[in-house]
Amino acid sequence: MTIPFVDLKTQYQALKPQIHERINRVLEHGQYIMGPEVQELEEKLAAYTGAKHCITVASGTEALLISLMALGIKPGDEVITTPFTFVATAEVIVLLGAKPVFVDIEPDTCNINASKIEEKITSKTKAIMPVSLYGQPADMDEINAIAARNGNIPVIEDAAQSFGAEYKGMKSSNLSTIGCTSFFPSKPLGCYGDGGAIFTNDDLIAQACKEIRVHGQSARYVHTRVGVGGRMDTLQCAIVLAKLERFDWEIEQRIKIGQRYTQMFLSSGASNTLAFAPVKIRPVRTSVYAQYTLICPDRAAIQSKLKQANIPTAIHYPVPLNEQAAYRQLCCPDCTPIASRIAKQVISLPMAPDLTVSQQEAIVACLTQ
Ligand SMILES: Cc1ncc(COP(=O)(O)O)c(C=O)c1O
């Protein structure tokens, strides 16, 4: 049995007529840039999350960059974030000349430890950027409360991995001042290239993001501010629109499959004997399991067992950002010992809405027998 790490082919087969119809429609009308599908997608995603505004952009990275630009982040400013994330989270801060201030993570969820944020706030702190890692929001109530009592610091949720997840019944991307997601193909809601979106309830921020996305234009050839070329292609929007038809079912499946993995591991007792534990999902939150991840002190043993059985795995992420050459001068790894340790212990298993029970049984059996 061949098990893909992420199964985009089965999804494509299931949605083939809708995807082709949507693509053909764009080819017929020919409005490849800012065509009608862009607005249609923005309206549907805003309604889905409950946010007032959705602004589609060229990628998740661009969503983060444009959001920081809309907040006016400039050289010398500080942005609090986690070192245990994909590099884009910190990269965009540094690109603007600001400084990422890394706060350590919780050892069981791998998300930023909210209780350690306040001690890092200074007069230079201009934003807090938690990441909803592996598909589960961080402790957003606590983070929003810290931001509010320290002068209403804007909070940007990096929701690149968590679109569709919930926190106290609210959708990820609509949990703070701004939410940013990614439509990278392997994300829970993916397109067939690059894409992303910004969500906010703030009219001024939304207007700024819209202008920055198109080179800072407030009207044609009127450049009110410095911007970027950050639009999402009409074709990619059309693909996401087609995929939305199956998205609710896919989210249900992801949650079911993630919970089933955990149940299977717990009932086998293997997480005790083999000494690994699934990343913890806190009450009143859901994870959409962009990754299903185990924490295991002896990762090499688990990795080689799965490799021998031809089961693909991945490591998200092997090195915290403050140990990477480009970022280590910003903060020493001693400041974030949990991230340092966890980076050596995580391993992600195959996950897709179309993962079958027998595929899952084979994966679990490999680790528990
Ligand atoms: C946490 C996180 N932030 C940002 C990004 C960047 O998204 P994109 O690849 O769409 O630029 C990703 C995705 O790779 C991510 O996982």
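Counting convention: from 1, in listed order, for ligands and their atoms alike. Every heavy atom of this structure was used, including side-chain atoms; hydrogens, water molecules and symmetry mates were not. Counting from 1, the numbers follow the sequence of the chain as shown.
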(request) Could you walk me through whether Thr82 and Met129 pass the side chain to side chain contact (heavy atoms under 4.5 Å, CB included) test, one step at a time? (result) CA-CA 8 Å; Thr82 162; Met129 207 195 283; over 6 Å; no

(message) Could you measure the distance from the CG atom of Asn310 to the CD1 atom of Ile3? Nearest 0.5 Å is fine.
(response) 9.0 Å

(request) Name all pairs fulfilling the ring pair (Phe, Tyr, Trp, His ring centres under 6.0 Å) condition that reach into residues 104-142, sequence neighbours left out, sorted by first residue then second. (result) none

(request) Kindly state each residue pair satisfying ring pair (Phe, Tyr, Trp, His ring centres under 6.0 Å) with at least one member in residues 81-111, sequence neighbours excluded. (result) none

(message) Clusters formed by hydrophobic residues whose side-chain heavy atoms approach within less than 4.5 Å: which one holds Leu235, and what are its other members?
(response) Tyr12, Leu15, Ile19, Ile23, Val26, Leu27, Tyr32, Tyr192, Ile239

(message) When you measure from the side chain of Ser340 to the backbone of Thr336, do you find a donor-acceptor pair of N or O atoms at a distance under 3.5 Å?
(response) no

Which N or O atoms of ligand 1 sit under 3.5 Å from a protein N or O, and how far apart is each pair?
residue	atom	partner	partner atom	Å
ligand 1	3 (N)	Asp158	OD1	3.2
ligand 1	3 (N)	Asp158	OD2	2.7
ligand 1	10 (O)	Gly60	N	2.8
ligand 1	10 (O)	Ser182	OG	2.7
ligand 1	11 (O)	Gly60	N	3.4
ligand 1	11 (O)	Thr61	N	2.9
ligand 1	11 (O)	Thr61	OG1	2.5
ligand 1	14 (O)	Lys187	NZ	3.1
ligand 1	16 (O)	Gln161	NE2	2.9
ligand 1	16 (O)	Lys187	NZ	3.1

